[in-house]
There are 2 protein chains.
Amino acid sequence: MDLSERQLQILQAIITDYVENAEPVGSRSIAKKYDLGVSPATIRNEMSDLEEMGYLTHPHTSAGRVPSDKAYRLYVNNLMKRKNLSAKDKRLINERLASSRDEFDRTIRHAAELLSEITNLASFAMTPATNEETISFIRLMPVDERTIILMIVGESGNVTNTTLRLQVPYTQESLEILSKNMTVNYKGRTLDDALKSDIIEDVGTDIEAMSQLAGNVMPSFIRTLEDMLNVNLYMEGMTNIFNLPEYASIDRARDFMELFAQKDWFTQKMLARDDGVVVTIGEENDSLKDCTLITATYHVDGKLVGKIGVIGPTRMKYDEVTSIMEYLTNNLSETFRLTDGNTDGKDEEE
Amino acid sequence: MDLSERQLQILQAIITDYVENAEPVGSRSIAKKYDLGVSPATIRNEMSDLEEMGYLTHPHTSAGRVPSDKAYRLYVNNLMKRKNLSAKDKRLINERLASSRDEFDRTIRHAAELLSEITNLASFAMTPATNEETISFIRLMPVDERTIILMIVGESGNVTNTTLRLQVPYTQESLEILSKNMTVNYKGRTLDDALKSDIIEDVGTDIEAMSQLAGNVMPSFIRTLEDMLNVNLYMEGMTNIFNLPEYASIDRARDFMELFAQKDWFTQKMLARDDGVVVTIGEENDSLKDCTLITATYHVDGKLVGKIGVIGPTRMKYDEVTSIMEYLTNNLSETFRLTDGNTDGKDEEE
DNA sequence: AATTAGCACTCTCGCTTGCCGAGTGCTAAC
DNA sequence: GTTAGCACTCGGCAAGCGAGAGTGCTAATT
């Protein structure tokens, strides 16, 4: 029950046309625009067969055909060809990412911006998941008699800190000892691992004053670790979808926007997806049943993995979008390869 | 040309009714619901006068009246009475803010969430503007042979840091010296002030290696200062507006959402507003001409000032919203008053 | 002089009707 | 297997109509 060459051609034509115009496509217009050497009637017969096989649907009896999720899936898996980016887009990407090379989060945000600008869809980018990140050292620093800063530094230069106010006074010395103790205990362990351990126990100590200080600091330590594990999510171009005919109804648009209001939930969903370019179409998503979601991963220095993605209607230019995302993630991974030391100074140009 | 007592009553009634139902209100329904002791005909006459004075408008000949911006302004300035919050709302606010007392940004975000939950409008909250913040100390810390962390700490416990990769090797000693130099130079100066000074000159030094290191660090120092000056903006409940009849049309909704896509621009706008509770209605805003914007300020330890706000249609419950915002900002200021040391440990209950 | 009742008038909204055009599905001819 | 021809279906649009809400004016009432 494979499709014939002609059926594939027709399906391809229908998808192309529908992606372009967002309107059910009829046999006659296919026959006219894409000369397949057959009459509309023949195309009608083939379309009928394709519909029976589940590749096309009918909004109503006397309307043209619309590709189904299954059709898009077939297209993505078998029919689609890589597209070369336009020189303009390539330049745009190269320039924009280069301008903020040394500021991590900003680069990531720029990536999201680029993605939505070029594709005209909604896009997002996430900083890398840091559960594999290992702790380099922990430091406690005095601010004033009541306030100290707790700082956790990861091997790859990741830093997170909290300011905390103590109930008990502290001495410079006790801070230093506690810092050292904590560093010795946690150096080289991953954040995940550190969080799983029984933290309060880990830095138990005999000296009365010290254990009080530790008792004060540890809850914040835990929360700071958690904080360090959080990935940042940048979303861009959400309003692009208002320009698409599929979101002309306010209800659709609302559903769409509400989804993104739940950033935490969304982040979890995206983290759970496989690495590499992943396309999920329509019903393949558990929510967003009429959307397509494409994600891709970039790498930071080998270990850490971050994600970017676009969300749009199932009707989208799969070939272009995936090509752009591939180019973009390659570029990001290249930018974040830490082997060359030249990442600061030279290149600031807002 | 002051309004008569009766005209005020009628205007008040129209506003109340329209705020409730979002539909032009007619003379008959006013006469019925709010017994003013006069007939619809009389009310009609008064309405006609009110319209002439610019307090009411007519969507079309045979529709009821709708309050104008001017009417809302009059209402806010003269007619409106403070509302007492419900015990439930008070409890909600107290609990939610207490649960994250020691984590600044999270508290701010919670404030925005609360505001949108209680008012059912779109809301935002900004961390305090830090241009008045003074520098406490600056520190450079080694991570590995190529990487160091630059950290700026403000008097009120504000911390910002960047990880930077150097082109030249460094020694532990040179880092310490540079840290000290910078701290001596900048301690006690405000961020604004520090940025204005000729930073490169400020830490000029004779020793060759040192000046190389300094040259490497200073551009990042500037950017970190700038970064520290940035306020964080948290927006919540944007999708609430989809439930309002005034945004039933996709175009309106789009305009609204697009406004918030430009976070930077929006932040600037909001920072420029006066302190205290500020209400701007419809045309009084330069964009968002059919919205009302209410902002209020909270204080951190006297010096720093942050803002929260709501955005909605001009038709909103001004009395409730302003009361809630007052309560909320008072509560925030209280939370951030740094005189009592009890801010950590005791109270985490996610 | 202020208020009110009465009535004609206006405008929106929802409903129905009829028509056009696009597109199908079937049959019969090629 | 392909195509031409034709009846049929359905959405979309415009026109027409009635109901309902509300005004604005005038004349009567207090």
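A, B, ... follow the sequence lines: proteins, then strands. Residue 1 opens every chain. Keep in mind that what you see is a predicted model, and the values were worked out from it rather than measured.
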Rounded to the Å, how far apart are [X] [atom1] and [N] [atom2]?
| X | N | atom1 | atom2 | answer |
| --- | --- | --- | --- | --- |
| A:Leu56 | C:dT24 | CG | C1' | 13 Å |
| B:Leu36 | C:dT3 | CG | C1' | 14 Å |
| B:Ile10 | D:dT23 | CD1 | C1' | 15 Å |
| A:His58 | D:dG11 | NE2 | C1' | 13 Å |
| A:Ile14 | C:dG23 | CD1 | P | 12 Å |
| B:Glu23 | D:dG20 | CD | P | 16 Å |
| B:Lys33 | D:dA21 | NZ | C1' | 14 Å |

> Which residues in residues 39-49 of chain A have at least one heavy atom lying under 4.0 Å from any atom of DNA chain C?
Replying inline: A:Arg44, A:Met47
> Do the side chain of A:Thr61 and the base of D:dT9 come within less than 3.5 angstrom through a donor-acceptor pair of N or O atoms?
Replying inline: no
>> Let me spell it out: for each of B:Val38 and B:His60, pick the nucleotide of DNA chain C with the closest heavy atom. Which residue's pick is nearer the 5' end?
In response: B:Val38
> Would you call A:Lys83-A:Glu326 a salt bridge at under 4.0 Å N-O?
Replying inline: no
> Do any N or O atoms from the side chain of B:Lys263 and from the backbone of B:Phe260 form a donor-acceptor pair under 3.5 angstrom?
Replying inline: no
>> If you compare all heavy atoms of A:Glu23 against all heavy atoms of A:Tyr18, which two are closest, and at what distance to 0.1 Å?
In response: O-CD1, 3.3 Å
> Should A:Tyr234 and A:Phe124 be marked as a ring-ring contact (aromatic ring centres under 6.0 Å, His included) after you check the CA-CA gap, both sets of side-chain angles, and the distance that decides it?
Replying inline: CA-CA 5 Å; A:Tyr234 298 101; A:Phe124 67 89; over 10 Å; no
> Does one side chain, of B:Tyr34 or B:Thr16, offer a donor that lies under 3.5 Å from an acceptor on the other?
Replying inline: no
> Is A:Arg65 near enough to C:dG25 that one of its side-chain N or O atoms lies under 4.0 angstrom from OP1 or OP2?
Replying inline: yes
> When you check the phosphate oxygens OP1 and OP2 of D:dG20, does a side-chain N or O of B:Arg28 lie under 4.0 Å from one of them?
Replying inline: no
> Looking at residues at least two apart in the chain, or sitting in another chain, which of them share a ring pair (Phe, Tyr, Trp, His ring centres under 6.0 Å) with B:Tyr75?
Replying inline: none
>> Using the rule given for ring-ring contact (aromatic ring centres under 6.0 Å, His included), can you reason through A:Tyr247 versus A:Phe256, listing the C-alpha separation, both sets of side-chain angles and the distance that settles it, and then say yes or no?
In response: CA-CA 9 Å; A:Tyr247 294 97; A:Phe256 191 91; 5.2 Å; yes
